[in-house]
J.: 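Attaching a single structure in structure tokens format; questions to follow.
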Amino acid sequence: MGKTGLQLSVLSYGSWVTFHKQVDDSIADELMGIAYDNGVNFFDNAEVYARGESEKLMGRVLKKKNWDRTSYTVSSKAFFGWRAKENKPNQTGLSRKHLTEACHEALQRLQVDYLDLYFCHRPDKNVPIEEVVWTMNILIQQGKILYWGTSEWSAAEIMEAHRAAAQYGLIAPSVEQPQYNLLERNKMEYEFLNIFRTVGMGTTIWSPLASGLLTGKYNNGIPADSRFALEGFDWLKDQWMVEDKLSKVRKLADVANELGTSLATLSIAWCISNPNVTTAILGATKKQQLLENLKAIEVLPKLNAEVLQRVDDIMQTRPRQAEY
Ligand SMILES: NC(=O)c1ccc[n+]([C@@H]2O[C@H](COP(=O)([O-])OP(=O)(O)OC[C@H]3O[C@@H](n4cnc5c(N)ncnc54)[C@H](OP(=O)(O)O)[C@@H]3O)[C@@H](O)[C@H]2O)c1
């Protein structure tokens, strides 16, 4: 992972939206089992997912599986709190108080002694960066977390954390969790390029399928058992169900067909073809989805320069100043 010694599997599995809302204990047990048996060693979570219920569910599965704790990594993220509208001022954000308390709560819910990765889920302009870096360093010293990172921070904010860490001799963030997929490329292919070269940040990228849009499942409307049909997710549906995006996905199906694979598998393989991606976090609600998505590893070698160029020509989403 970046410049650290940590080895993350190139495909990982996360629980946003799915755990508790769509996936119960028995399905989560099956899906995490399939992931682990296929080499996935990173499971992603956050305090805010299903208001803490996602961590509890993952914790129950991890306990039942009883896998060797040294064989997998698990994360949590703090910032949003887990009480939604009932959050009081100190129950969100990146203060020492909330970062520490959210860490303790995540350890309890996940039923683990330490988090391998702990993320600041968003930047917090109300907290001095020194407070954030010191807190993460202390949590590492206490053995409660092993590595810390950021999610959806700007390049400038990440470098500010590195500056503070260097100033006080503290451990800097080693990983960022940005969105990255065929429709959202700017951070990974433009904004962060200098950081990859200098501090060597790892990335655990999210929504490799743009919440499912890149599978083609929404090309002719919204299936009843899909994410965009869920109550309370209109904002996500409105963000992605746009004709311009859908028409690109329809065209991309030709490339997938020619490669003898599915749109989902092609789209995930495309994400991990970027050498700056440490791991792509998969989200899946069904066994068939996960098995299909894991095949991205087999499709990856087929993504030569010619195929990548065709994909770029169709999607028209490559940042203009991309340098690789
Ligand atoms: N740091 C952050 O701010 C942040 C934000 C978002 C996510 N994340 C992390 O990233 C993980 C992955 O994000 P994501 O869930 O948005 O990933 P995604 O791969 O973009 O979307 C996953 C969803 O697409 C559908 N899908 C997946 N494979 C499919 C297939 N083969 N065929 C048809 N439909 C398929 C499923 O939803 P349905 O079955 O419901 O349609 C599935 O839950 C999350 O679990 C979370 O850990 C982090």
Side-chain angles (χ1 to χ4, degrees), residues 1 4-84 91 98-121 136 139-149 151 175 177 204 206 278-291 293-294:
M1 184 181 75
T4 74
L6 187 68
Q7 304 283 332
L8 291 188
S9 52
V10 72
L11 297 177
S12 44
Y13 184 53
S15 61
W16 179 55
V17 184
T18 59
F19 276 34
H20 187 70
K21 283 192 197 76
Q22 297 171 282
V23 165
D24 63 14
D25 281 50
S26 74
I27 301 174
D29 186 286
E30 182 182 32
L31 294 175
M32 284 176 66
I34 290 170
Y36 184 85
D37 291 342
N38 280 277
V40 165
N41 76 356
F42 169 44
F43 297 97
D44 186 61
N45 220 317
E47 58 167 358
V48 68
Y49 295 169
R51 292 169 146 237
E53 293 300 327
S54 165
E55 288 182 335
K56 287 187 199 163
L57 204 174
M58 191 175 276
R60 290 193 296 274
V61 173
L62 288 173
K63 178 144 197 172
K64 198 166 157 223
K65 293 284 189 196
N66 201 23
W67 293 319
D68 187 333
R69 181 66 183 88
T70 60
S71 67
Y72 66 88
T73 62
V74 65
S75 74
S76 184
K77 311 183 204 84
F79 174 77
F80 293 104
W82 57 269
R83 296 168 180 86
Q91 293 171 337
H98 185 62
L99 280 180
T100 305
E101 289 171 347
C103 176
H104 292 168
E105 289 176 333
L107 293 176
Q108 279 168 12
R109 293 193 199 107
L110 287 163
Q111 303 189 55
V112 291
D113 295 329
Y114 58 90
L115 301 171
D116 300 275
L117 301 176
Y118 191 37
F119 292 93
C120 298
H121 212 157
M136 290 305 204
L139 290 172
I140 291 173
Q141 301 299 327
Q142 292 174 337
K144 290 173 186 164
I145 67 172
L146 302 185
Y147 299 88
W148 78 276
S151 180
V175 57
Q177 186 166 133
T204 60
W206 60 267
T278 306
T279 183
I281 314 176
L282 306 176
T285 59
K286 296 172 189 69
K287 180 180 171 180
Q288 278 322 110
Q289 292 178 355
L290 187 56
L291 289 172
N293 299 351
L294 289 166

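Computation of the quantities below employed the complete heavy-atom set of this structure, encompassing side-chain atoms and omitting hydrogens, waters and symmetry-equivalent molecules.
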J.: Mind checking whether Gln111 and Leu62 have side chains closer than 4.5 Å, heavy atoms only?
T.: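 Not touching, per the 4.5 Å side-chain cut-off.
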J.: Measuring only between side-chain heavy atoms, which start at C-beta, is Thr204 closer than 4.5 Å to Phe119?
T.: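 Side-chain contact under 4.5 Å: yes.
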J.: Using a 6.0 Å cut-off, check whether atom NZ of Lys287 has over 12 heavy atoms from anything other than its own residue.
T.: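 Result for NZ/Lys287: open.
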J.: Is the shortest heavy-atom distance from the side chain of Met32 to the side chain of Phe43 under 4.5 Å?
T.: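 Heavy-atom side-chain distance check passes, below 4.5 Å.
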J.: Find out whether Gln177 and Ile281 are in side-chain contact, i.e. whether some heavy atom of one side chain is under 4.5 Å from a heavy atom of the other.
T.: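 Heavy-atom side-chain distance check passes, below 4.5 Å.
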J.: Which one of Leu115, Leu117, Leu110 satisfies the side-chain contact (heavy atoms from CB on, under 4.5 Å) criterion with Asn45?
T.: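 Among Leu115, Leu117, Leu110, the one that satisfies the side-chain contact (heavy atoms from CB on, under 4.5 Å) with Asn45 is Leu110.
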J.: Compare all side-chain heavy atoms of Ile27 with those of Thr18 and state whether any distance is below 4.5 angstrom.
T.: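 A side-chain contact under 4.5 Å is absent here.
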J.: Only counting residues at least two apart or in another chain, list the ones meeting salt bridge (charged side-chain N to carboxylate O under 4.0 Å, His left out) with Asp24.
T.: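 Scan of Asp24 (salt bridge (charged side-chain N to carboxylate O under 4.0 Å, His left out), adjacent residues dropped) gives none.
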J.: Keeping to residues at least two apart or across chains, list the salt bridge (charged side-chain N to carboxylate O under 4.0 Å, His left out) pairs with something in residues 33-47.
T.: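 Listed once each, the pairs are Asp44-Lys77.
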J.: Would you give the length of the straight line joining atom SG of Cys103 to atom NZ of Lys144, rounded to the nearest 0.5 angstrom?
T.: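 Result: 6.5 Å between the selected atoms.
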J.: Taking all atoms of both residues into account, what is the closest heavy-atom pair of Gly143 and Tyr114, and its distance?
T.: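 Heavy atoms of Gly143 and Tyr114 come nearest at O-CB, 3.3 Å.
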J.: Run the side chain to side chain contact (heavy atoms under 4.5 Å, CB included) test on Met136 and Cys120 for me, step by step, so that the C-alpha distance in whole Å, both residues' side-chain angles and the decisive distance to 0.1 Å come before the verdict.
T.: CA-CA 9 Å; Met136 290 305 204; Cys120 298; 3.6 Å; yes
J.: Once rounded to the nearest 0.5 Å, what's the spacing between atom CG of Asn293 and atom CG of Leu282?
T.: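 It comes to 5.5 Å.
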J.: Tell me, please, which residues at least two apart from Lys63 pass salt bridge (charged side-chain N to carboxylate O under 4.0 Å, His left out).
T.: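 Residues passing salt bridge (charged side-chain N to carboxylate O under 4.0 Å, His left out) with Lys63: none at all.
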J.: Say you draw a straight line from OH of Tyr36 to OH of Tyr72; how long is it, rounded to the nearest 0.5 Å?
T.: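 If we round to the nearest 0.5 Å, Tyr36:OH and Tyr72:OH are 8.5 Å apart.
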J.: For a quick test of reading the model, state the closest non-hydrogen atom pair linking Leu31 to Tyr13 and the distance between them.
T.: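 Shortest heavy-atom separation between Leu31 and Tyr13 comes out as CD1-OH, 3.2 Å.
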J.: Under the side chain to side chain contact (heavy atoms under 4.5 Å, CB included) criterion, do Leu294 and Ile34 qualify, and how do the steps go?
T.: CA-CA 10 Å; Leu294 289 166; Ile34 290 170; 4.0 Å; yes
J.: Rounded to the nearest 0.5 Å, what separates atom OG1 in Thr100 from atom CD in Glu105?
T.: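 CD of Glu105 is found 11.0 Å from OG1 of Thr100.
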J.: Are the charged groups of Asp25 and Lys56 less than 4.0 angstrom apart, N to O?
T.: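 Lys56 and Asp25: not salt-bridged.
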J.: Can you see which heavy atom on His20 is nearest to which on Ala50, and at what distance?
T.: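 So the minimum-distance heavy-atom pair works out to CB-CB, 3.8 Å.
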J.: Before giving the answer on side-chain hydrogen bond (donor to acceptor under 3.5 Å, both in side chains), spell out for Glu55 and Trp82 the whole-Å C-alpha distance, their side-chain angles and the decisive distance to 0.1 Å.
T.: CA-CA 11 Å; Glu55 288 182 335; Trp82 57 269; over 6 Å; no
J.: Between Ser9 and Gly39, which heavy-atom pair has the shortest distance, and what is it?
T.: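 Heavy atoms of Ser9 and Gly39 come nearest at CB-O, 3.3 Å.
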J.: Do you know which two heavy atoms are closest between Ala28 and Leu57, and how far apart they sit?
T.: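 That closest heavy-atom pairing would be CB-CD2, 3.5 Å.
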J.: Heavy-atom distance under 4.5 Å between the side chains of Ser75 and Phe42, does that happen here?
T.: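 When only atoms from C-beta onward are counted, Phe42 and Ser75 do touch, with a gap below 4.5 Å.
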J.: On the ring face of Tyr49, is Arg51 found with NZ or CZ under 6.0 Å from the centre and within 45° of the axis?
T.: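 Judged by the rule (NZ or CZ under 6.0 Å from the ring centre, within 45° of its axis), Arg51 is not positioned above Tyr49.
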J.: At their closest point, which heavy atom of Asp116 faces which heavy atom of Val74, and how far apart are they?
T.: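 Smallest heavy-atom distance, with atoms named: OD2-N, 2.8 Å.
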J.: Enter the distance from Asn41:CG to Gln7:CD here, rounded to the nearest 0.5 Å.
T.: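 Output value for this atom pair is 8.5 Å.
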J.: Do Leu107 and Val112 have side chains that approach each other closer than 4.5 Å (heavy atoms only, starting at C-beta)?
T.: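 The answer is yes, as the side chains (C-beta and beyond) meet within the 4.5 Å cut-off.
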J.: Within a reach of under 6.0 Å around CG of Asp113, are more than 12 heavy atoms found that belong to other residues, nucleotides or ligands?
T.: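 Atom CG in Asp113 is not crowded, with 12 or fewer foreign heavy atoms closer than 6.0 Å.
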J.: With a 4.5 Å heavy-atom cut-off, do Thr279 and Val10 have their side chains touching?
T.: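 A side-chain contact is absent here, since even the closest heavy-atom pair is not under 4.5 Å.
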J.: To the nearest 0.5 Å, tell me how far Asn38 CG sits from Leu11 CG.
T.: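 The distance works out to 9.5 Å.
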